[in-house]
Structure formats: C-alpha cells, structure tokens
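What follows is a set of notes on a single structure, which appears directly below.
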Amino acid sequence: MNLARFPRRRYTPGFTPLEPLPRLSAAIGGAEIWIKRDDLLGLAGGGNKTRKLEFLIADALAKGADTLITVGAPQSNHCRLTLAAAAKEGLDCRLVIEERVAGSFSPDALGNNLLFDLMGAASVRMVKAGADLAEEMAVEAAAVKAAGGHPYIIVGGGSSPLGALGYAACAQEIMAQAFDEGVAFVRIVVASGSAGTHSGLIAGLVALNAGIPVTGINVRRPRAEQEANVLKLAQATADLMGTPQPVAADIVALADWVGPGYSLPTPEMVEAVRLLAAKEGILLDPVYSGKAMAGLIALARQGAFKGERVLFLHTGGSPSLSAFAGVLRDPAFNQ
Ligand SMILES: Cc1ncc(COP(=O)(O)O)c(C=O)c1O
C-alpha cells in the first residue's frame with residue numbers, strides 16, 4: 001500500500017492521539033477500551049471527513065476547481081468540513097441539504113447550521129428526503145458553470161474510493177502507533193454511515209494484512225444493505241490502491257443501535273454521550289459516534305468482547321451537540 005502516490009493536502013499536523021479509556025472501561029466492564037481521537041483532526045471542529053477531504057481537495061485543485069459542491073443532512077459534519085476546507089483553500093462552496101427527517105432543517109439551527117453561516121457557504125439549499133441528490137448537485141454545478149466557474153462535486157460523506165483512501169491511511173496510522181506504543185488491538189469499532197470510513201479502514205487493514213476485525217455500528221440502514229455498501233466501496237478502494245480485495249466475511253455493520261432512524265435519538269445514545277463526557281472528558285455526537293459508542297457499550301456489557309483490548313475510532317461530530325440540547329436533556333432519554 002503506497003498512499004504517497006496520491007496527491008494529498010495536509011489538514012492535520014501528525015497523528016491523532018491513541019488513548020486508553022480506563023475510567024470508561026472500569027464503568028462498563030467487559031473490555032479494555034481505547035480510543036483513536038479522530039475528533040481531533042484538523043479543519044473546523046475535526047472529525048472523520050477531514051481525512052477524506054485531504055485526497056478529495058487535492059483532486060479538486062489539480063482539476064482547476066474554484067467551487068466545491070456537496071450534500072449532507074441538516075446537521076452534516078461533512079458539509080461543515082467541506083466548507084472549512086473550501087475556506088482554507090480560497091474556494092467557494094455550495095451545499096445541498098437533504099432533509100432526511102421531515103421538518104428537521106432550520107436555517108437558524110445551532111450546531112453545524114450556525115457554522116455553515118459563519119464559514120460563508122455560497123449557497124445552502126434544502127431538498128426533501130428522496131430527492132435525486134446527484135441531480136441536485138448537477139443543478140448547482142450547472143449554475144457555477146453558467147457563471148464562468150469550475151465546480152467540483154464531492155459525493156455525500158466524501159465516500160468515493162478516493163475519499164476512502166483517507167481511512168486506508170488511518171489504518172496505516174493506527175498500525176504504526178499500536179506498534180510504537182506496544183499495544184495490540186483485538187478489534188476496532190467504528191460508526192458506519194455513508195460507508196467511506198468503514199470501507200477505507202477495511203481496505204487498509206486488509207492491505208496491511210493486519211488481522212484486526214472491524215465491528216461497524218450502522219447509523220442509518222438495515223444491516224445487509226449497509227454491509228453490501230461497505231463491501232462494494234472497500235473493494236473499489238482496494239482497486240484504486242492496487243491491494244488485495246476485501247471479502248464479505250470482512251464486513252460487519254450491526255444495525256441494532258440505529259433506533260427509530262437516522263439522527264433520531266435513543267436512550268442508549270444519550271447514555272453513551274453522557275458517559276464519555278463524564279468519565280473521560282471526551283465529547284461524542286448524537287447521530288454517529290454516540291450511537292456507535294452505544295453499540296460498543298452494549299456489546300461489552302453482553303460479554304461479546306471477553307476482556308479484549310478494543311479500539312473505538314472516534315469519528316467526531318461534537319460541533320452538532322448544541323443543536324440536540326433538548327434531546328440530551330430530555331428525561332425520556334435519560335434513564
Ligand atoms: C461524526 C461522524 N461520524 C461518523 C460518520 C460516518 O462516516 P461515514 O459516512 O464515512 O460512514 C459521519 C458521517 O457523516 C460523521 O459525521
């Protein structure tokens with residue numbers, strides 16, 4: 001795996017920290033939990049999209065783009081970070097916001113919506129759930145071209161094979177750190193959404209012959225559908241890198257902690273967000289890392305990890321917390 005062959009912008013100095021979570025591990029039992037702090041990646045607010053954007057923005061710049069176009073949910077971390085990268089590179093950025101949950105978009109919302117405003121999105125246009133997102137982004141691109149500009153479209157979550165290289169790079173980083181610190185992980189647990197993080201990680205671990213299984217915790221889709229998505233993208237990423245193909249047996253994307261649906265709260269998510277904050281001083285988010293950690297906690301309590309050293313990949317998202325204050329304080333979700 002030779003990732004230096006791919007043009008890359010650098011948005012994070014060095015590696016993100018790899019830390020033990022002794023107080024969380026003692027509180028829940030059943031596993032020695034560590035965390036990879038990708039919430040501390042560069043660009044405004046950090047989080048997993050920064051690694052994908054390093055490759056995607058390098059490609060955009062190589063192609064002479066002056067305007068980035070992407071899509072995400074109302075509290076999209078991906079849109080925030082794409083906009084931050086655009087600001088840093090002196091590019092314009094137009095966002096298509098998919099209102100996946102009816103009534104969930106408000107231009108005045110806190111969290112990431114406030115940051116869209118502060119970082120000066122050239123356009124924030126809401127479309128209803130079920131809209132053809134590729135078509136909506138093509139409409140934006142046509143408007144940019146009509147005005148003499150050069151658009152570059154980034155798919156939702158930056159989850160193309162090129163974007164997923166960011167998480168193949170993360171696999172390499174984890175292996176180097178684990179060796180350096182003398183800690184061998186038995187498994188990695190990660191949130192699985194638009195699938196680029198999960199897929200890139202798998203492609204990287206397979207390429208490195210790491211022998212570390214990944215437990216994906218799905219935040220949106222039924223298990224079989226998500227596992228098919230992850231496998232397809234992991235294989236396409238391996239093709240891009242010229243490395244061995246992941247197979248179906250490498251992919252697990254449990255759907256037991258999605259709850260009623262994407263971004264909708266669960267008591268287990270609120271417990272996870274509160275536990276990490278109170279025991280370790282680490283902020284998760286309600287849509288992705290909170291649900292992924294809820295899955296890890298439940299599996300550890302069930303004895304699924306049998307004393308394993310487990311690495312939780314913290315994909316970020318805390319800039320959205322303020323938008324979910326009502327839910328996080330709601331007694332119905334705090335049991
Ligand atoms: C904070 C956070 N964690 C996890 C994910 C899921 O990552 P992926 O979309 O690469 O599956 C996202 C995606 O938006 C995210 O914003």
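In listed order, ligands and their atoms are each counted from 1.
For the pair Lys306 and Glu32, the salt-bridge criterion is not met [side-chain N within less than 4.0 Å of a carboxylate O].
Heavy atoms of other residues, nucleotides or ligands lying less than 6.0 angstrom from CZ of Arg5 number more than 12.
Side chains of Asn218 and Arg221: no donor on one and acceptor on the other come within 3.5 Å.
Results of the side-chain contact (heavy atoms from CB on, under 4.5 Å) test with Val71 over Met137, His78, Glu136 single out Met137 as the only residue that passes.
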Handout entry: CA sep, side-chain torsions, deciding dist, call: Lys36, Glu173, salt bridge (Lys or Arg N to Asp or Glu O under 4.0 Å)
Key = CA-CA 10 Å; Lys36 173 70 172 161; Glu173 185 173 310; 2.6 Å; yes
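Contact between Ala65 and Tyr152 at its shortest, heavy atoms only, is CB-CB, 3.6 Å.
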One pair per line, please: each N/O atom of ligand 1 matched with every protein N/O atom under 3.5 Å away, atom names first, then the distance to 0.1 Å.
{"from": "ligand 1", "atom 1": "3 (N)", "to": "Thr315", "atom 2": "OG1", "distance (Å)": "2.6"}
{"from": "ligand 1", "atom 1": "7 (O)", "to": "Asn48", "atom 2": "ND2", "distance (Å)": "3.0"}
{"from": "ligand 1", "atom 1": "7 (O)", "to": "Thr197", "atom 2": "OG1", "distance (Å)": "3.4"}
{"from": "ligand 1", "atom 1": "9 (O)", "to": "Ser194", "atom 2": "N", "distance (Å)": "2.8"}
{"from": "ligand 1", "atom 1": "9 (O)", "to": "Ser194", "atom 2": "OG", "distance (Å)": "2.5"}
{"from": "ligand 1", "atom 1": "10 (O)", "to": "Lys52", "atom 2": "NZ", "distance (Å)": "2.6"}
{"from": "ligand 1", "atom 1": "10 (O)", "to": "Gly196", "atom 2": "N", "distance (Å)": "3.4"}
{"from": "ligand 1", "atom 1": "10 (O)", "to": "Thr197", "atom 2": "N", "distance (Å)": "2.9"}
{"from": "ligand 1", "atom 1": "10 (O)", "to": "Thr197", "atom 2": "OG1", "distance (Å)": "2.7"}
{"from": "ligand 1", "atom 1": "11 (O)", "to": "Gly193", "atom 2": "N", "distance (Å)": "2.7"}
{"from": "ligand 1", "atom 1": "11 (O)", "to": "Ser194", "atom 2": "N", "distance (Å)": "3.1"}
{"from": "ligand 1", "atom 1": "11 (O)", "to": "Ala195", "atom 2": "N", "distance (Å)": "2.8"}
{"from": "ligand 1", "atom 1": "14 (O)", "to": "Lys49", "atom 2": "NZ", "distance (Å)": "2.7"}
{"from": "ligand 1", "atom 1": "14 (O)", "to": "Tyr288", "atom 2": "OH", "distance (Å)": "3.3"}
{"from": "ligand 1", "atom 1": "16 (O)", "to": "Asn77", "atom 2": "ND2", "distance (Å)": "2.8"}

